[in-house]
Amino acid sequence: MLCVLNPRKANMQTLKNWDLWGPLVLCLTLATLLSWFAPYEQKSLVFASVFVIVCCGATVVTVNALLLGGNISFFQSVCVLGYCIFPLNIASVICLIGGPLIWRLAVVAVCFFWSTSASLGFMGELVPTNRRALAVYPLFLFYTSIGWLILIAARTSPYS
Amino acid sequence: MSGGYVAPSLGSADAEGFMAQLAQAPGSSLASNAYGGSAASGNGSSSYAATATNSSYASAGFGSAARPAEAMSGALALLVYLIPGLFTGSEYVPTFVAVVMLSALDLWTVKNVTGRLLVGLRWWNEVDEASGRSHWRFESFEEQRFVHATDSTVFWTALFVAPALWLLLALGCVLTLKLHWLVLVVVCLGMTGINVYGYVKCKKDARKKIAALSGSVAQEYGGQILARGMRLWQGGAQQGERQKVPG
């Protein structure tokens, strides 16, 4: 967790102690936040969609990195991706408080770059150099889609 | 008890002596090293070692405390799912969160606490320092024969019943087309299924160990008995000769 907050201090040693509790809690928190302010008839849909997107997206990005010859285990990678959802959690909290579209866009963009750089710090090293772009692209897609969900979810907030 | 080998308190003092003998055997030294080495990394193993060194704990004391906890933890997640009105209301989001958290807690409890206490099996993941590869370890304690039958029955029953029930619920969701509940049920099914998979692999490892161990122990005992029998027979033959000569 601390490695996500301080991307400079991240190193491979912390990757050894993976656990899936943090990602689970962060995923549930994100899904709960996004569904909290959704219209009533869509609440369960939003929650389930976010949960499935985060879980399946993390799995797909991990499998992609593994198939490209990455030197990381499945659970370590899912752990990293899950913990790097944390900045997007912060973005969703800030966005749901309200504000104009430009502000929300800026917040989501900042947190998106934070997430991506933190996870790149781990994932980028573990894939052969000539295929790094192939491994990084799904990562971008993953976090972009979550950022997009945050951006459009806040539009229906009663406070904005 | 040898250096890194901590004897789980699953038996009387007789078991202690037996395990001390076993600890000298070459086959178990690997297991004891693995156990001692992983004591720092295991989740519940530090508390486990602390309780196990107090060998005056009778196994009945441990078992009777652990048995209801084992049955409860899996049942609680199921109950919260099946009776939405009672606990969290029939809303989707709180029920989902509650059931997933309870199921995750149940997975952790069964994997780290009740499995070790009731049946002496454990499994975990180790990341190799040098190559970065992760290995799954499935281990069983040497004294499998000291596992109480009741503990074992309760453990394995609860272990297999939980995913079976979740599977039935999953079928129900598919047939009634409640796909958003299906997500939850699949997640819980996965969590209980992981425990089943881990413990079945542990059990297979335990069976292999028992087969190997009983073979070697039988050979040793059989050899001793045979040697003793030979000496007796030779002694009896000599006595018979001495008796024959005078008379």
Side-chain angles (χ1 to χ4, degrees), chain A residues 11-56 58-59 62 65-66 69-80 82 122-123 125-127 153, chain B residues 37-38 40-44 77 81 84 88-109 111-112 123-137 170 173 177-191 194-195 197-198:
Chain A
N11 58 356
M12 296 310 298
Q13 274 310 106
T14 51
L15 204 57
K16 310 291 184 206
N17 310 324
W18 62 267
D19 73 301
L20 290 178
W21 297 110
L24 180 71
V25 167
L26 289 173
C27 176
L28 285 176
T29 314
L30 183 67
T32 310
L33 282 170
L34 287 179
S35 78
W36 192 273
F37 291 102
Y40 185 74
E41 62 272 6
Q42 284 182 357
K43 273 192 199 295
S44 63
L45 184 65
V46 168
F47 185 92
S49 311
V50 172
F51 189 81
V52 166
I53 283 176
V54 171
C55 285
C56 293
T59 312
T62 306
L66 283 175
N71 188 23
I72 191 172
S73 88
F74 179 81
F75 289 105
Q76 283 174 336
S77 170
V78 171
C79 170
V80 166
F122 289 106
M123 301 284 283
E125 293 169 25
L126 300 162
V127 180
Chain B
S38 70
S41 62
N43 262 343
Y81 173 71
T88 56
S90 55
E91 302 210 6
Y92 182 73
V93 172
T95 317
F96 192 105
V97 171
V99 174
V100 165
M101 293 304 287
L102 280 174
S103 193
L105 278 173
D106 170 48
L107 186 145
W108 185 88
T109 312
K111 177 176 178 292
N112 289 313
W123 56 282
W124 76 101
N125 178 279
E126 268 177 0
V127 178
D128 190 13
E129 293 290 332
S131 63
R133 302 220 160 272
S134 73
H135 302 283
W136 289 97
R137 300 287 193 99
C173 283
L177 292 180
K178 291 184 198 159
L179 291 176
H180 49 288
W181 288 115
L182 186 66
V183 174
L184 174 61
V185 175
V186 164
V187 167
C188 292
L189 184 66
M191 289 200 193
I194 286 170
N195 258 336
Y197 178 71

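Predicted, not measured: the structure shown is a model, and the values here were computed from it. In the text below, chain A, chain B and the rest are named by the order of the sequence lines, each starting its count at 1.
- Proximity to chain B is absent for every atom of A:Leu45, based on heavy atoms less than 4.5 angstrom apart.
- Interface residue A:Ser44: backbone and side-chain heavy atoms are both found under 4.5 Å from chain B.
- Remark: B:Leu182 pairs with B:Ala170, B:Cys173, B:Val174, B:Leu179, B:Val186 by the side chain to side chain contact (heavy atoms under 4.5 Å, CB included) rule, at least two apart or across chains.
- Considering all non-hydrogen atoms of both residues, B:Val97 and A:Phe47 come closest at CG2-CZ, 3.8 Å.
- Judged as a ring-ring contact (aromatic ring centres under 6.0 Å, His included), and not counting sequence neighbours, B:Tyr197 has no contacts.
- At a heavy-atom separation below 4.5 angstrom, chain B is approached by A:Phe51, A:Val52 within residues 49-56 of chain A.
- Remark: B:Leu184 pairs with B:Tyr81, B:Phe96, B:Val99, B:Val100, B:Trp181, B:Cys188 by the side chain to side chain contact (heavy atoms under 4.5 Å, CB included) rule, at least two apart or across chains.
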